[in-house]
Amino acid sequence: MKLLIQNANYIAFNGEKVQTDILIENGIITKIEKKIEVDVERKVDAAGMLVSPGFIDLHVHLREPGGEKKETIATGTLAAAKGGFTTVAAMPNTRPVPDTINHMEDLQKRIRETAHVRVLPYASITTRQLGKELTDFEALKEAGAFAFTDDGVGIQSADRMLEAMRKAAKADMAVVAHCEENSLINKGCVHEGSFSEKHGLNGIPSVCESVQIARDVLLAEAAGCHYHVCHVSTKESVRVIRDAKRAGIRVTAEVTPHHLLLTQDDIPGLDANFKMNPPLRDAADRAALIEGLLDGTIDFIATDHAPHTLEEKSEGMELAPFGIVGLETAFPLLYTHLVLKNIISLEELIGFLTLKPAKSFALPYGKLEVGAPADLVLLNLNKEKEVDPSGFLSKGKNTPFAGWKCKGWPEMTIAGGRIVWEKGV
C-alpha cells in the first residue's frame, strides 16, 4: 500500500519544525520531501499537526493469556495505537507465564492474530516467576523472547540473579528487573511517609527499591550483563544508577509518567486509582527523577500500563491490586505538564518515547527517516480536552488523571505502513 502524508510538521535535527510530505510504500518510509507528487491509495492532510516516530513503550501489561477480564492483546494494542505507540513490550505476568517454548509460541500466535501494533514479548527469568528455577534463556530467545524479567516480583536471591545475568550475557539478552526487597515491603500499599501515617496504612519505604538496585548493578558488573531497571521511583535509586553508569556498568533505566507528575501529596484520600507499585513518593523523589531523566541517568519513559477491572479497584487502598493504565494518556500528560511548563523540551520528550528506548535495546525503530519502518503518529499539539476514562479503548479505566485537561492528543497512528487508529473512525 502507498500512503502519502502531506503538510506535516516534524522536528528537524536542528530542533526546528519543518513542513514536509512523507511517502510510505510497503511499510517503509521511502521519501521525506517538501512536496511529493505521486499516485497513492490514500492521502492524509496533516496540516497543523506534528508528525513523530511512533512511540515505543517497553513496559506494558496486556494480561493475555489468563487475565482477559482486565485486558487482551487486541484491546491493549488498540489502546496503544490510540496513544501513539507502535511498539510495546509485554510483561510476562500472565497465566500461563511465557516460561517455556510452548508457552512463548502460543503467545506469539496470539500476537500475530490479534495485535494492532508491534508486540515484543518478554519471557520470565524463572519458572512461573517463582524466583527459583531459571528458564531456558537460549531456547526462549530462539522462540522470540525480547528480554527476560520476572516483573512484578523482585528476584530475592542474589545467587539466582547472578546466575540469570550470566545466562543472559551468554545469550546477549537483557535482564529487566522490578526491584523490591521483600523483607522491606512491610505489607505496604502506599509509600512510607506522610500519607501512610495520616491514614494509618502500612508503607513501602524507598530503600525497599534502592537496595535491590544497588545489589543488582554490582551483580551485572560481575556478569557483564545488560541490566535494566523498571519504573525507578526514588532519589536513592537515581543516585545508585548514576554511580553505576559512571563506573561503566551496563545499566539502563526507565521512569513512568505518573512518577514524573505525581507525589504522595496528590493522593485524594483512599482512592485506589492512586495505588501503584512502586508507589507515589515524595516531591524530592519526583525532582530527582526529572533531573535523572534530563542528565541521562534514566534513559527513557515507559508507562507500566496495568489495567484492572472496576470491581478490583473498588476494593479499597489496602486490598485493591497495584497499577494504573497509561497508554492512552502518556503523551498529552507529559506534553502538557512537562513541555508546556518548560521542564523538558518537545524534542526531548519525543526522544524519551522513541529513540532512547530503541537505542537502549538496540531496536531498529523510533526513527523518522528514509528507509525506516513506517511507524508514525500525528499529534495535535493545540487540541485541549479532558482525560475521560469512559472513552478509553483499554478495558482498564483505572487512572488517577481523570478530568485533567491536556493538550497534545494523537490524531492518527500508522504502524508498519498501516493506519491502525485514527480519530473518529
Side-chain angles (χ1 to χ4, degrees), residues 56-62 87-94 97-99 104 107 118-131 134-138 140-141 143-158 160-181 209-210 212-221 223-233 237 240-241 244-245 249-256 259 277-278 297-306 323 326 352 356-363 365:
I56 299 169
D57 190 345
L58 298 185
H59 191 147
V60 305
H61 297 269
L62 298 181
T87 299
V88 299
M91 287 296 174
N93 57 337
T94 53
V97 173
D99 55 3
M104 178 58 72
L107 178 57
R118 185 181 297 107
V119 178
L120 308 174
Y122 284 100
S124 62
I125 295 172
T126 64
T127 301
R128 296 175 59 199
Q129 296 179 288
L130 295 177
L134 295 182
T135 58
D136 188 335
F137 283 27
E138 291 284 358
L140 286 164
K141 177 182 179 179
F146 165 61
F148 294 92
T149 183
D150 274 6
D151 181 63
V153 187
I155 300 289
Q156 298 306 300
S157 165
R160 187 68 70 249
M161 184 56 116
L162 179 59
E163 185 184 359
M165 288 181 173
R166 284 172 173 162
K167 288 184 68 174
K170 185 178 179 181
D172 193 25
M173 298 284 275
V175 165
V176 175
H178 171 110
C179 294
E180 202 167 24
E181 168 55 53
E209 172 182 294
S210 57
Q212 199 164 84
I213 298 174
R215 178 201 75 176
D216 284 356
V217 293
L218 295 175
L219 296 178
E221 182 179 33
C225 173
H226 174 197
Y227 169 66
H228 177 76
V229 187
C230 292
H231 43 48
V232 178
S233 71
S237 299
V240 169
I241 295 165
K245 286 192 170 188
I249 299 171
R250 191 181 175 193
V251 55
T252 55
E254 69 190 42
V255 64
T256 70
H259 289 112
N277 190 12
T297 300
I298 299 173
D299 297 87
F300 58 84
I301 297 171
T303 68
D304 192 9
H305 175 81
F352 293 137
K356 295 296 184 67
K359 181 179 178 182
S360 296
F361 283 80
L363 297 173
Y365 313 123

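Numbers here simply count residues along the sequence, with the first being 1. What you see is a predicted model; the values in this text were computed from it and never measured.
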To the closest 0.5 Å, what do you measure between [atom1] ([X]) and [atom2] ([Y])?
X: Thr297; Y: Lys245; atom1: OG1; atom2: NZ; answer: 6.5 Å
X: Leu62; Y: Asn93; atom1: CG; atom2: CG; answer: 10.0 Å
X: Leu219; Y: Arg166; atom1: CG; atom2: CZ; answer: 9.0 Å
X: Lys356; Y: Leu58; atom1: NZ; atom2: CG; answer: 14.0 Å
X: Met161; Y: Asp150; atom1: CE; atom2: CG; answer: 8.0 Å
X: Thr256; Y: Ile298; atom1: OG1; atom2: CD1; answer: 9.5 Å

Practice problem: Could you check Leu363, Val88, Val60 and say which one makes a side-chain contact (heavy atoms from CB on, under 4.5 Å) with Leu120? | Solution: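 The side-chain contact (heavy atoms from CB on, under 4.5 Å) with Leu120 is passed solely by Leu363 among Leu363, Val88, Val60.
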Self-check item: side-chain contact (heavy atoms from CB on, under 4.5 Å) partner of Asp99, the single match among Thr135, Leu130, Leu134
Solution: Thr135
Quiz item: side-chain contact (heavy atoms from CB on, under 4.5 Å) between Gln212 and Gln156: does it pass, once the steps are laid out?
Solution: CA-CA 9 Å; Gln212 199 164 84; Gln156 298 306 300; 3.6 Å; yes
Self-check item: side-chain contact (heavy atoms from CB on, under 4.5 Å) between Val229 and Ser237, intermediate numbers included
Solution: CA-CA 10 Å; Val229 187; Ser237 299; over 6 Å; no
Exercise. Show your reasoning for whether side-chain contact (heavy atoms from CB on, under 4.5 Å) applies to Asp151 and His231.
Key: CA-CA 10 Å; Asp151 181 63; His231 43 48; 3.9 Å; yes
Exercise. Kindly say whether Met173 contributes a backbone atom to a donor-acceptor pair with the side chain of Lys141 at under 3.5 angstrom?
Key: no
Quiz prompt | Residue among Tyr122, Phe361, Phe148 satisfying ring-ring contact (aromatic ring centres under 6.0 Å, His included) with His228 | solution = Phe361
Self-check item: Chi angles and distances behind the side-chain contact (heavy atoms from CB on, under 4.5 Å) call for Glu209, Glu181
Solution: CA-CA 7 Å; Glu209 172 182 294; Glu181 168 55 53; over 6 Å; no
Minimum-distance pair of heavy atoms, taken over all atoms of [X] and [Y]:
X: Ala223; Y: Leu162; value: CB-CD1, 4.1 Å
X: Asp216; Y: Cys179; value: OD2-SG, 4.1 Å
X: Pro98; Y: Met104; value: CB-CE, 3.9 Å
X: Ala90; Y: Val119; value: CB-CG1, 3.9 Å
X: Val232; Y: Val255; value: O-CG2, 3.7 Å
X: Ile56; Y: Tyr365; value: CD1-CB, 3.9 Å

Identify, with sequence neighbours excluded, every residue that meets side chain to side chain contact (heavy atoms under 4.5 Å, CB included) alongside [X].
X: Ala169; result: Cys225
X: Ala220; result: Met165, Tyr227, Ile249
X: Ala302; result: Asp57, His59, Glu254, Phe300
X: Val240; result: Ile213, Ala214, Val217

Self-check item: Crowding at CZ, Arg215 (>12 non-hydrogen neighbours, <6.0 Å)
Solution: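 Yes - once you tally the heavy atoms of other residues, nucleotides and ligands closer than 6.0 Å, there are more than 12.
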Quiz prompt | Polar side chain donor-acceptor pair, Asp304 to His61, under 3.5 angstrom | solution =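 Asp304 vs His61: donor-acceptor pair found between side chains.
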Exercise. Please name all residues satisfying salt bridge (Lys or Arg N to Asp or Glu O under 4.0 Å) with Arg160, sequence neighbours left out, ordered by chain then number.
Key: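 For Arg160 the salt bridge (Lys or Arg N to Asp or Glu O under 4.0 Å) partners, ignoring immediate neighbours, are Glu163.
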Exercise. Only counting residues at least two apart or in another chain, list the ones meeting salt bridge (Lys or Arg N to Asp or Glu O under 4.0 Å) with Glu138.
Key: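 By the salt bridge (Lys or Arg N to Asp or Glu O under 4.0 Å) rule, Glu138 matches no residue at all.
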Practice problem: Could you check His178 against Thr149 for side chain to side chain donor-acceptor pair (under 3.5 Å), going step by step and ending with a plain yes or no? | Solution: CA-CA 8 Å; His178 171 110; Thr149 183; over 6 Å; no
